[in-house]
Amino acid sequence: MDYNALAELLFPQIQTTPAEIEAKYPPRNLPEGAKVTRMAPSPTGFMHLGNLFSAIVDERLAHQSNGVLCLRIEDTDLKRSVEGGVQTIIRVFHEYELGFDEGATADGESGAYGPYYQRQRAEIYQTFAKWLVQQGKAYPCFCSEEELNAIREKQTALKENIGYYGKYAVYRDASFEQIKEKIDAGERFVLRFRSEGNPEKRMKVNDLVKGTVEFPENEQDLVLLKSDGIPTYHFAHVVDDHLMQTTHVVRGEEWLATLPFHVQLFQAMGWKLPKYVHTSQLMKMDGGSKRKLSKRKDPELALDFYKQTGYCVPAVKEYIMTLLNSNFEDWRLANPTADLNEFKFTTQKMSASGSLFDIDKLNDVSKNVISRMSVDQVYSHLTSWAEQFDPEFHKLLTRDPAYTRSILAIGRGGKKPRKDLATWSDAKPYMDFFFDELFQPDYSYPENVTEADKQTILTRYLDLYDPADDNAQWFDRIKALADEIGYASNMKDYKKNPEAFRGNVGDVSMVIRVAVTGRQNSPDMYEVMGILGKEKVAERLKKALA
RNA sequence: GGCCUGUUCGUCAAGUGGUUAAGACACCGCCCUUUCACGGCGGGUUCACGGGUUCGAAUCCCGUACAGGUCACCA
């Protein structure tokens with residue numbers, strides 16, 4: 001077989017040579033040890049936790065080593081392309097502060113190692129494909145979908161391995177004349193790799209997460225170029241990551257199974273293998289068993305969910321970091337205020353087993369993140385979230401910024417800050433009673449307080465509250481009121497001898513609390529009243545009395 | 001079904017032949033406390049199972065079970 005003639009027959013339009021292309025991708029000028037990674041999503045516009053998961057690995061690996069992070073768009077499958085998908089991807093990564101150094105941008109692309117859209121690289125792939133044909137390492141296959149299905153059915157019936165290999169690789173040894181006839185007749189073909197692999201033999205690859213993994217050699221003649229001349233993922237991966245000089249390929253472990261083929265391809269091309277980082281899958285508990293997070297069943301898979309619910313970006317990143325590197329939590333405990341990027345991320349600390357996504361843990365991380373924020377930060381995050389997702393609330397929050405800030409300042413700062421908010425959507429139920437528009441009191445008073453006592457407490461307190469009091473004076477007044485009506489002002493006395501009192505100062509406080517806030521739980525009443533002001537407090541007391 | 005990967009408290013996990021098998025989340029109890037939140041203290045048959053190797057195994061080896069992944073002209 002004259003492979004050169006075959007190559008010309010198959011790719012008459014390709015006149016560039018591999019060397020010409022290689023020349024356009026000179027070595028990168030990077031410091032010693034710098035890593036080049038890439039995020040390579042399909043432009044579906046759907047961004048999920050898994051994307052973020054591996055993006056963070058890519059980003060850390062690259063930027064921690066003064067390397068390069070690129071964004072390459074894998075648009076080889078038209079079915080997976082959505083209008084505006086690329087913009088969504090870029091926007092979301094931007095929100096998560098994952099900056100790309102080169103690759104696709106909102107309005108095109110930048111960087112010297114492009115094009116970064118795979119569809120625009122068709123000629124590049126075809127050039128290397130043609131070269132493979134010349135080397136006798138690839139050949140055209142004219143099988144229809146029906147024929148392929150028939151092969152598969154036969155193999156299933158015979159319990160043989162499924163696929164295009166050995167005697168099932170019907171076009172592997174087609175003659176030049178047979179091929180020419182098909183081409184002349186205008187038949188479309190896919191280009192298949194001519195595998196020399198022997199499944200009896202085993203091969204080893206090192207993965208930075210999984211360690212050394214061992215496989216039988218690949219014997220399948222897999223598709224390199226689809227009938228439209230666009231490469232499959234496999235071929236695009238090998239060509240692109242070689243040319244772009246990716247040093248670390250980070251991807252989900254669902255790719256582990258095709259790794260033998262990728263290794264084989266790199267060898268066939270005579271190229272150096274990148275390092276592989278196969279990340280384990282995010283799982284979720286469903287009933288009694290673990291399963292992969294699913295787009296259809298689990299809203300929390302979509303990154304949009306976090307935005308809508310009002311999780312803040314650093315919290316989500318922190319949480320993912322705890323899953324990614326098991327020593328991150330210890331580091332965070334030791335460095336509570338340090339920037340996330342100061343943490344030294346390593347692939348060695350990545351878990352080989354799949355982690356269960358735990359929203360409780362996320363909430364906890366998130367509460368910590370928010371509790372460490374300043375009032376200004378909280379105000380700014382909360383209002384911008386509300387502006388988009390709860391405009392009515394936003395109006396209230398921004399009507400009097402100083403007022404809102406003083407609410408947000410309760411219990412903030414200091415060694416033991418309050419942790420009331422895990423998400424911005426928690427804010428409204430937490431602080432709604434501060435706004436008359438949202439005030440829907442539930443006047444459930446302590447059961448041991450009689451209606452008459454309640455009336456007395458509220459009526460008396462109407463005269464007692466003085467905003468000028470300090471915290472101790474403020475509480476002394478309540479204690480005095482308790483004494484006055486036969487309630488214990490001292491808890492210890494009360495506990496010693498409960499029968500001697502009608503109740504205790506806690507009950508008195510609770511009556512006031514319920515009247516003022518319309519609920520039994522609230523932050524510190526002294527601060528709450530201070531913020532509401534004398535007039536509003538009086539108004540609330542009267543409303544409760546009525 | 002073939003191939004691959006994984007399995008340490010409910011969850012995330014530390015662990016590299018000798019540890020009372022860390023820590024965090026969740027849960028329960030107690031303490032602190034005028035409520036809540038915070039904080040403190042305490043709690044739970046945790047090394048999938050069965051064999052080896054070894055003075056000694058969560059750790060090494062071999063099986064088994066279970067879970068997940070993969071077997072497209074999708075990525």
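Lettering of chains follows the sequences in order, A, B, ..., and the numbering in each one begins at 1.
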Nucleic acid contacts - residues 412-426 of chain A versus RNA chain B, non-hydrogen atoms under 4.0 Å: Lys416(A), Pro417(A), Arg418(A), Lys419(A), Asp420(A)
Distance below 4.0 Å between [X] side-chain N/O and [N] OP1 or OP2:
| X | N | value |
| --- | --- | --- |
| Ser326(A) | A14(B) | yes |
| Lys226(A) | A75(B) | yes |
| Thr76(A) | A75(B) | yes |
| Arg202(A) | C3(B) | no |
| Lys361(A) | G10(B) | no |

Under 4.0 Å between any heavy atoms, over every strand shown, what does [X] touch: base, sugar-phosphate, or nothing? Just pick one.
| X | value |
| --- | --- |
| Phe215(A) | sugar-phosphate |
| Ser227(A) | base |
| Cys143(A) | base |
| Val213(A) | sugar-phosphate |
| Thr517(A) | nothing |
| Trp474(A) | base |
| Asp524(A) | base |
| Ser522(A) | base |

Quick one: is the NZ or CZ of Arg540(A) closer than 6.0 Å to the six-membered ring centre of Phe439(A), and within 45° of its axis? yes
Report yes if a donor N or O on one partner sits less than 3.5 Å from an acceptor N or O on the other, where the partners are the side chain of Arg519(A) and the base of U35(B); otherwise report no. no
Do [X] and [Y] make the cut of ring centroids closer than 6.0 angstrom?
| X | Y | value |
| --- | --- | --- |
| Tyr139(A) | Tyr171(A) | no |
| Phe235(A) | His237(A) | no |
| Trp255(A) | Tyr276(A) | no |

Quick one about Gln264(A) and Asn218(A) (side-chain donor to acceptor, distance below 3.5 Å, no hydrogens or angles considered), yes or no? yes
Looking just at side-chain N and O atoms, do Thr156(A) and Glu153(A) make a donor-acceptor pair shorter than 3.5 Å? no
Using purine N1 to pyrimidine N3 plus N6-O4 or O6-N4 for Watson-Crick, or N1-O2 and O6-N3 for G-U wobble, each under 3.5 Å, what pairs with A24(B)? U11(B)
Classify the ring geometry of Phe343(A) against Phe328(A): parallel below 30°, tilted from 30° to 60°, perpendicular beyond 60°. perpendicular
Mark this stacking check for Phe475(A) against U34(B) as yes or no, applying ring centres under 5.5 Å and ring planes under 30°. yes
